[in-house]
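Report on one structure; see the data block that follows.
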Amino acid sequence: MGEFDVKVRVPVREQEPEVRAKNFDEVCLGYNKEEAMQEASRCLNCKKPFCVEGCPVSINIPGFIEKVKDGDFEAASRIIAESSSLPAVCGRVCPQESQCEGVCVRGRMGDPVSIGKLERFTADWARENNIKPRVNAERKNKKVAVVGSGPSGLTCAGDLAKAGYDVTIYEALHKAGGVLVYGIPEFRLPKEKVVEPEIENVKALGVKINTDYIIGKSKTVDELIEDEGFDAVFIGSGAGLPMFMGIPGEQALGVYSANEFLTRNNLMKAYLDNYDTPINCGKKTVVVGGGNVAMDAARTALRLGSEVHIVYRRSEKELPARAEEVHHAKEEGIQFDLLTNPKEILSDENGNVTGIRVIRMELGEPDESGRRKPVEVAGSEYEIECDTVIMALGTSPNPLISSTTKGLEVNKRKCIVVEEETGATSREGVYAGGDAVTGAATVILAMGAGKTAAKSIDEYLSGK
Amino acid sequence: MFEIIKAEMLTDNIYKLVVNAPNVAHACQPGQFLIVRTDEYSERIALTICDYDREAQTVTIVLQAIGASTMKMLSLKEGDRFADVAGPLGQPSEFVHEDIDELKKKKYLFVAGGVGTAPVYPQIKWLKERGIDFDVIVGTKSRDTLILEKEMEAVAGDHLYITTDDGSYKRHGMVTSVIEDLVKNEGRHYDVCVAIGPMIMMKFVVKLTKELDLPTIVSMNPIMVDGTGMCGACRLMVDGQVKFACVDGPEFDGFKVDFDGAMKRMALYKTEEGRKLLELQEGDTHKGNCGGEK
């Protein structure tokens, strides 16, 4: 390590862009002990830690960083474990720049402390050194069912198990993890190395996970309560059906939703030769959208050998994706066609995609989201030649549960309605959180909701 | 779980399996489907449920080998286990929710094509158990490709009309000619038609039933990945709107389905699946990759 400037964060090692663009190995290699301890020494240990307020699960950030600085990584990991069941995941996928790191006092004069990378280091160290979470609470003779094994479900289940409840997770797919396994790609979040061990840790708390079990179909929420004797239910069923634009040509061959494209590749491992699931990704791919999912789809297509363009209707400043993902995508050679919006997908006589007709946009007055509304520039249409189009426009909630649960209130976007402070739904004893409530959002917000619900469920059942 | 209790080859490439699947058997209804994954490396395959036994906790599935993953299923024997069986999925057939007395006033016409006979079976069984009237037409290429004849006969009795494209068994001709015969020549009246089979068959049945002013329900079987309402691969246009076969269907109003669009989408993985199949049969000699090269 060279000269140490306390205003500048310790750089993190990464695979070189031209190398990683051709493989699915993790992009970021993380800190080693020395790097982590050095970076930890930059923390000012503020009396009023804004970073903790900025964290949706309120991790004692200065507390764990202090331990990292001292080289007591086990103690650091125990501090994180008090608040988070999935630290190795969060260290990798949280949008830290808009949360903990965004409010770090160090950031006022230089780089904020690299909290995410330190969390990741601590969690990885704990896993490699076989540090297991502890359950201290007395067993309570009450059962809670958790629907969905994504970030909100795992968090809620983990917290309730730690509080002594008998928790069972029901997962519709064949593998636990939700978006962590079907959505986020291997190069950003390794499955065997990171996701599976964190799920094993949740199981080690006593949580049972039933895969291939579709609540709303195999059994309803009402049956869980009435027949299976659950005292409370948490619904964390995630985001649902992909949205399309409703433009001509979306049924053409070679048009994917990002969910399908990523599920084929991540959950079904289409990128590995020994798996049967096919994936067609051509020589040139256009990804429509600017969020994390769009970046994931684009970088996956790139690794499958395609030239990739991202088409997004606003400007770079409005891209909803994490800054690091945009930066990585650019480094890897993904081209950003900003202030551009699709009008039509073009196809040949067999229905195969041949291109996409787009129009240039400019930013007008702010809309209801506070962002400047993109408006079409008349006469600026042009065509981009491509053979694959991936629509990454967000999702609308899955109807399986809301349509089969009596008296469960949903809003006009079909999201489950909850009381924000508690996660309580319109049904007594039924709580919900994550994308099923908010629509597509982030892993950490879903975890925050799982945490809130776990606390409310504990209060509800303690008073029963 | 997911043990194969009974396995039977019905034709050269159609296999009938009775599988232990308590979570599916507990709740499934006519019209629904399930998802099967043979092993860790296989695709998730959507298959219609042909029969179920709630007490024995089993479901019967009928599958036709068309790609690598379904070919693999043909090698499974009694006592083997699937990696996963999940379901039931999709909406039950409309009549399941209807008032029985109202149903008794109706007469149903079922039109089954090829392996589509399998999902028709639990529907007629359900109606028969409740004393509701129906006729069933089963169409297939030839005598060798006919499946479930005994089972269908046991439920439908002399309301069963079998026809073969080549005339090698029973009637000669397409299912549409039988519909015309029953409606036009014999003057039979039906209130609802349910057509399940290859898309091209359903398309032509609907073309005819539109002329006959006979409301027709079809069961769509597009490509699916998760089957639970997440990936959107199974989208199709119904009445100008995007619908998802896995959660909105699989049964839809046949008059409103865009069959041509749906058939085009079916072709998506034809070459890809074919390549995998060749690989399976001839070994690892058919590599290729995205972007054309590795």
(request) Would you check if the distance from the ring center of A:Tyr256 to the ring center of A:Phe261 is below 6.0 Å? (result) yes

Is it the backbone or the side chain of [X] that comes under 4.5 Å from a heavy atom of chain B, or both, or neither?
| X | value |
| --- | --- |
| A:Asp387 | neither |
| A:Ala252 | backbone |
| A:Pro399 | side chain |
| A:Leu400 | side chain |
| A:Tyr182 | side chain |

(message) Given heavy-atom pairs under 4.5 angstrom as the criterion, report whether the side chain, backbone, both or neither of B:Ala262 touches chain A.
(response) neither

(request) Sort by residue number and list every member of residues 212-224 of chain A having a non-hydrogen atom under 4.5 Å from chain B. (result) A:Asp212, A:Tyr213, A:Ile214, A:Lys217, A:Ser218, A:Lys219, A:Glu223

Specify which of [options] makes the most heavy-atom pairs with chain A at under 4.5 Å.
| options | result |
| --- | --- |
| B:Asp248, B:Val225, B:Val242, B:Asp39 | B:Val225 |
| B:Leu236, B:Val24, B:Val85, B:Asn23 | B:Asn23 |
| B:Gly229, B:Ala27, B:Gly87, B:Ala21 | B:Gly229 |

(request) Report yes or no: is the cationic atom of A:Arg303 (NZ for Lys, CZ for Arg) closer than 6.0 Å to the six-membered ring centre of A:Phe187, at no more than 45° off its axis? (result) yes

(request) Could you verify whether a donor N or O on one side chain and an acceptor N or O on the other, from B:Arg54 and B:His26, lie under 3.5 Å apart? (result) no

(message) Any donor-acceptor pair under 3.5 Å linking the side-chain atoms of B:Gln32 with those of B:Glu251?
(response) no

(request) For residues 235-244 of chain B, pull every pair meeting salt bridge (charged side-chain N to carboxylate O under 4.0 Å, His left out), keeping only residues two or more places apart or in separate chains. (result) none

Salt bridge check: are [X] and [Y] linked by an N-O gap of less than 4.0 Å?
| X | Y | answer |
| --- | --- | --- |
| B:Asp260 | B:Lys203 | yes |
| B:Glu43 | B:Lys72 | no |
| A:Glu332 | A:Arg299 | yes |

(request) Start with the C-alpha distance between B:Tyr15 and B:Gln64, add both sets of side-chain angles, then the distance that settles side chain to side chain donor-acceptor pair (under 3.5 Å), and finish with yes or no. (result) CA-CA 6 Å; B:Tyr15 208 23; B:Gln64 185 166 24; over 6 Å; no

(message) When you compare the side chain of B:Asp51 with that of B:Ile49, does any pair of heavy atoms fall below 4.5 Å?
(response) no

